[in-house]
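In what follows, every chain begins at residue 1, and chains take the letters A, B, ... in the order their sequences are listed. Only heavy atoms go into these numbers, but all of them, side chains included; no hydrogens, no water, no symmetry mates.
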There are 2 protein chains.
Amino acid sequence: MARRSKTAPAVRKPAAARPAEVQASALRRTRREHATETAKDYVEAIADITALHGEARAVELARRLGVTHVTVVRTVARLQRDGYVSAKPYRSIFLTEKGSRLAEESRQRHEVVVAFLRSLGVPEEIAQTDAEGIEHHVSPETLAAFKRCAASRR
Amino acid sequence: MARRSKTAPAVRKPAAARPAEVQASALRRTRREHATETAKDYVEAIADITALHGEARAVELARRLGVTHVTVVRTVARLQRDGYVSAKPYRSIFLTEKGSRLAEESRQRHEVVVAFLRSLGVPEEIAQTDAEGIEHHVSPETLAAFKRCAASRR
DNA sequence: TTAGAAATGTAGCCATAGCTACATGTTATG
DNA sequence: CATAACATGTAGCTATGGCTACATTTCTAA
């Protein structure tokens, strides 16, 4: 079977488009972001729950995140290891300074994305849902563009 | 320590916002989507490489996806198990009918997202990068809104 | 005050998705 | 046509992030 045909370039699509290296680093970034998504989702939820109920318990986190309490417990342990929360056995979960900062950033970012989608005419509930997935992958430039666009359509 | 204070609603934030269940199902959806992201990234890359070189080899896939060949080999095995590609040891990788369909859908979706971001004034390279992360989390409604918006700004 | 309900913790399973190190197959070329 | 370069495969490690089943702790209410 022919090796990468350096002599006969085969098909030759018009747009050589993104060179392999560029795409590779974009995908690497996406994977890297994915690693912090969980932390963001958790601190955001912890902040929400604390605001609503005065404290965040694992059971409520599990309900809101759509996982079992076991998953919550393990993930919270990781968040504690990484300095986002403090927690003691059988007690509530609290955000650290670092965790609060991340939660606030996440909340703002979520707001911008939702407001933007809403301004495009996407129904509220779908905007909320899509934002959960999109918000973690928006660069500062794109976030700024979202803000501008939403403002200009208001 | 007070249990979820059913008697004293504590803080009471103005926007009760998304109820726990809604957010939970949104996050569940995001996780579900994540599971198919890999498949989409791979079939898209395989389609690209095949168009450019006439065939897709694991080494080139690894380069483009930013992972080692070992990861590619294992993932391709999974894609084969799931019916997206056919492959024989030490040979090229080919898309099945199902894989081609997924690749074409992914390509179109990627195009729409990139064109949209571009239309917002996001620089080409950043648009490409962000699209890699965003494209997997856009509902049909939002995708349609992207199309409309990009068209109206042209 | 104590029993049962609710919450939390622990053990251990699974799949995905990365990796390094090493083994084997394929191909190009001297 | 043999060998070196390259591609592919395999073994086995790590981490995340789901899960069920069962143990333990805490809290509520009879």
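- Other residues, nucleotides and ligands place more than 12 heavy atoms under 6.0 Å from the CD atom of A:Glu124.
- As judged by a 4.0 angstrom heavy-atom cut-off over every strand, B:Arg31 is placed among residues touching the sugar-phosphate backbone only.
- Computed from coordinates, the B:Glu60 CD to D:dC6 C1' distance equals 14 Å when rounded to whole Å.
- Each of D:dT10, C:dG9, C:dT24 was ranked by its minimum atom distance to the side chain of B:Val73; first place goes to D:dT10.
- When distances are taken from the side chain of A:Tyr90 to each of D:dT25, D:dT8, D:dG17, the shortest belongs to D:dT25.
- The interatomic distance linking B:Lys88 (NZ) with C:dT24 (P) rounds to 23 Å, in whole Å.
- Remark: P of D:dT16 and CD of A:Glu33 are 18 Å apart, rounded to the nearest angstrom.
- When the P atom of C:dA15 is taken as reference, atom NE2 of B:His34 falls 17 Å away, rounded to whole Å.
- Nearest-nucleotide positions on DNA chain D place A:Ala35 closer to the 5' end than the other of A:Pro89 and A:Ala35.
- Look at NE2 on B:His69: it is 18 Å from P on C:dA17, rounded to the nearest Å.
- With distances taken from any side-chain atom of A:Val67 to the nucleotides C:dT8, D:dG18, D:dT20, the minimum falls on D:dG18.
- For the pair B:Leu61 CG and C:dG18 P, the interatomic distance rounds to 12 Å; values are reported in whole Å.
- When only modelled atom types and interatomic distance are considered, B:His137 and B:Glu33 share a side-chain donor-acceptor pair under 3.5 Å.
- When the shell of 6.0 Å around NZ of B:Lys98 is examined, it contains more than 12 heavy atoms from other residues, nucleotides or ligands.
- With rounding to whole Å, A:Leu65 atom CG is found 17 Å from D:dT16 atom P.
- Comparing D:dC19, C:dA17, C:dC19 against the side chain of A:Val70 picks out D:dC19 as the nearest.
- Each of D:dA7, C:dT20, D:dG17 was ranked by its minimum atom distance to the side chain of B:Val59; first place goes to D:dA7.
- Picking from D:dT8, D:dT24, D:dC19 the nucleotide with the shortest atom distance to the side chain of B:Arg57 gives D:dT8.
- Between A:Phe146 and B:Phe116, the angle of the ring planes lies from 30° to 60°, which puts this pair in the tilted group.
- At a threshold of 4.0 angstrom between heavy atoms, the contacts of A:Thr75 with the nucleic acid are absent.
- The B:Arg91 side chain lies nearest to C:dT27 when the options are C:dA17, C:dA7, C:dT27.
- At a threshold of 4.0 angstrom between heavy atoms, the contacts of B:Arg81 are confined to the sugar-phosphate backbone, with no base atom among them.
- Atom-to-atom, CZ of A:Arg32 to C1' of C:dA17 comes out at 16 Å; the value is rounded to the nearest Å.
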